[in-house]
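Notes follow once the structure below has been shown.
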Protein chains: 2
Amino acid sequence: MLGVKHTLGYSGPVSTDPPRQKRATIIDVAREAGVSRGTVSRVINGERYVSSEAEAAIKAAISKVGYRPNVAARNLVMQRSQAVALVVHEPASLFAEDPNIGAIMLGANAALSAADYQMVLLIVDSERDTERVSRYLSGSYADGVIMVSARTHDPITRVIEKIGLPATFVGHPPDVTQMAFVGIDNRASARAITERLVATGRSRIGMIAAALDRDSGADRLAGFRDALGDRFDANLVEAVPLYEFASGVTAMQELLRREPQIDGVFAASDAVAAGAMNALRSAGRSIPQDVGIVGFDDSTWALRTKPQLSTVHQPAQGLGAAAAASVLSQLHGETPPAGGVLLDTPVVWRGSA
Amino acid sequence: MLGVKHTLGYSGPVSTDPPRQKRATIIDVAREAGVSRGTVSRVINGERYVSSEAEAAIKAAISKVGYRPNVAARNLVMQRSQAVALVVHEPASLFAEDPNIGAIMLGANAALSAADYQMVLLIVDSERDTERVSRYLSGSYADGVIMVSARTHDPITRVIEKIGLPATFVGHPPDVTQMAFVGIDNRASARAITERLVATGRSRIGMIAAALDRDSGADRLAGFRDALGDRFDANLVEAVPLYEFASGVTAMQELLRREPQIDGVFAASDAVAAGAMNALRSAGRSIPQDVGIVGFDDSTWALRTKPQLSTVHQPAQGLGAAAAASVLSQLHGETPPAGGVLLDTPVVWRGSA
DNA sequence: ATGAAAGCGCTAACAA
DNA sequence: TTGTTAGCGCTTTCAT
């Protein structure tokens, strides 16, 4: 029966607790209050047409017997779960380092919470996870899903499409065109901050590109190119696989080797920029006098560097909130905007360039 | 017993069904395969006593009708969810900055995943969250719970106790003594690294203490004191409320003001140490020549500083894994060790001292 | 080895 | 306004 051995399991060596009895059900409440199940259900769900005497009796009975609704039963009959899954598909190391992901989660949680939905975070960190998360999603555990950093040809995306689960992507993989998404205009943002860097009078401007296999990475490079036009020099671009500090260090070293005269750098993320700044300082370059450097994200990294980083503000929390709102609207039967939702990304100018 | 019996039985799809296709159920599979519901259920759950012909027919039928088990129904009858909740109760800002929390999540997820359990992350970020998470936990959504950074007098802890949900705490608030927990020996670890610092010949050793209202913070200070014995000087201890970079900067400035001769510092966390290093460098002190500094956590901070930080390795991922193992063992009816589980915390000696 | 049927706890449609 | 009852989809005896 329900959880009996669990209770015995952790009541400790000197157990003073009685064995946990069966959980009170709606029937216990009904009997205690002298009414029928139906009436109890009405009170629980706040419906009209309940006499105040009945309501009072039922409320008293509920606290007397310690009744807690069983959501599995409710979900079964209601065909919903009042929960939205947030699937994070990232390599383990990045998860801990990427500040965006935390902010997205927080933003989504706040928005879902306000609508009385439970956010359920699912981490995909292995093949096994992929399969289990797919099962979870197809098991009616969640009414909708927010996908963060989905990959191209993601099996989970396939499952979502197949079962028709309301979904919103944060950023969108190229092979997902039919589904709702929220994001930022990486290309325009990259162009804007590069132009700003150009305007400071730098003449040899390079870029540390990252994650070119994702649209965010590719678009940031494209925006950089847009801004430079004819002055774009492929030799001044160094690409690294991930948005991480360590890559920034090595990439900057490489760039310095290839072009010692470099006087401006656009790093594809703040973490990368922080690494690059380390390398620049080790090479004896002062910032921003010798080299101006700008980043992307406006994460906590940007405030830790010295001088602080000029960067593109990425509204991570807003993205989470917008994604949640999008899923919620789909749950209410609305159709999300076809082109997705793009949030503003103001340039934040600090001391590094 | 209410004595009301009613005939249950499959009434079939009603002829008035709109074109909307309903999800395939076990009954559709049974009909397709020409067997009974019971047999289908046996195949799904991999039980013995099923003929291979029946099994083949059922498997074919499952994929033909696109059957996916409905977990709400299964949970209802099985009285379990095959999911474990991980409750994180942190101020929003810390969540994004604290690398431990991510590692704990990853470790727990890996362990639960291996046991085929789903980890469900619940963030508590407001009053409303507290209430909803409590409801979630009491709603049979999760078979057990891992509590991270619970506070003293946490309402969620109350709920867990009340409903007797198998639980394990990562670290333990003082008012939780009956429940399982995993953690590290902060006091012994702090003592060990301070002794190591003393052994390098430093004579004026100070500490930047943090979070003294939590056991981790208080224990680290106690360990520092243990190591110094008679040489402990309260004037060389500066306390800050949180484990954060910015606090490290200001605390170090204060310490330098009070004792310019200071030549050794134990910071209560790597983030604090990183801040302190910034302040030391601004004050013209070289590390480790003028001042030796050590931290605590062995987080990503420790590798970002220059020189890299000597610190106490906190096995965050291991803590997550151990917590998961503890919950899982309770789920199997075992009693967790009374004193909790303490993980090793080796001192990692790098260049900062 | 398989089928029949009794519920798990709840909501909602229908009667009264 | 309230009671009665038919399921939601599934597992699990109990027969056979």
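Because only heavy atoms are used, hydrogens play no part in the values below, and waters and symmetry mates are left out as well, while side chains stay in.
Remark: B:Q79 is in phosphate contact with C:dG9, judged by side-chain N or O atoms under 4.0 Å from OP1 or OP2. Distances shorter than 4.0 Å separate some side-chain N or O of B:Y67 from OP1 or OP2 on D:dC10. Taking side-chain N and O atoms only, B:T25 has no distance below 4.0 Å to OP1 or OP2 of D:dG9. Look at B:N45 and you'll find a side-chain N or O under 4.0 angstrom from OP1 or OP2 of D:dT11. Between B:S51 and C:dT2 there is a side-chain polar atom (N or O) within less than 4.0 angstrom of OP1 or OP2. Checking the phosphate oxygens (OP1, OP2) of C:dT2, no side-chain nitrogen or oxygen of B:T39 falls inside 4.0 Å.
B:I58 has its CD1 atom 13 Å from the P atom of C:dA1, to the nearest Å. Here the P atom of nucleotide C:dT2 and the CD atom of B:E47 are 13 Å apart, to the nearest Å. Nucleotide C:dC8 holds its P atom 18 Å from the CG atom of B:N70, rounded to whole Å. In this structure, CD1 of B:I27 is placed 11 Å from P of D:dG7, rounded to the nearest angstrom. Whole-Å rounding puts the B:R48 CZ to C:dA1 P distance at 10 Å. Atom CG in A:L76 sits about 12 Å away from atom P in C:dC10, given to the nearest Å. The nearest whole Å value for the distance from the CD1 atom in B:I26 to the C1' atom in D:dT12 is 11 Å. Taking atom CD on B:E55 and atom C1' on C:dA1, their separation rounds to 12 Å, with Å as the unit.
Under the side chain to side chain contact (heavy atoms under 4.5 Å, CB included) test applied with A:I156, the options A:L122, A:V145, A:V133 reduce to a single match, A:V133.
Checked by distance alone, B:R68 brings no side-chain donor or acceptor within 3.5 Å of a matching partner on the base of D:dG9. Scanning atom types as modelled, one donor and one acceptor separated by under 3.5 angstrom connect the side chain of B:R42 and the base of D:dT13.
Between the side chains of B:N109 and A:D125, no donor-acceptor pair is found at a separation under 3.5 Å. Side-chain contact annotation: A:S140 with A:Q79, donor-acceptor N/O pair under 3.5 Å absent.
Listed candidates were C:dG3, C:dA1, D:dG9. Nearest to the side chain of B:V35 is C:dG3. With distances taken from any side-chain atom of B:S41 to the nucleotides D:dT2, D:dT11, C:dG9, the minimum falls on D:dT11.
When each of B:S36 and B:M78 is assigned the nucleotide of DNA chain C with its nearest heavy atom, B:S36 is the one assigned upstream, toward the 5' end. Remark on DNA chain D: of its neighbouring residues A:V50 and B:R74, the 5'-side contact belongs to A:V50, judged by nearest-heavy-atom nucleotide. Both B:G38 and A:V77 lie near DNA chain D, and the one whose nearest nucleotide falls closer to the 5' end is A:V77.
Smallest separation of non-hydrogen atoms from A:S326 and A:A180: OG-CB, 3.8 Å.
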Name the atoms and distances for all side-chain donor-acceptor pairs under 3.5 Å in residues 71-78 of chain A, with sequence neighbours left out.
{"from": "A:R74", "atom 1": "NH2", "to": "A:N45", "atom 2": "OD1", "distance (Å)": "3.3"}
{"from": "A:N75", "atom 1": "ND2", "to": "A:V71", "atom 2": "O", "distance (Å)": "3.3"}
{"from": "A:N75", "atom 1": "ND2", "to": "B:Y141", "atom 2": "OH", "distance (Å)": "3.3"}

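Here the OG-OH distance, from B:S138 to A:Y67, works out to 11.0 Å after rounding to the nearest 0.5 Å.
Counting any heavy atom pair closer than 4.0 Å across all strands shown, B:A72 reaches no nucleic acid atom.
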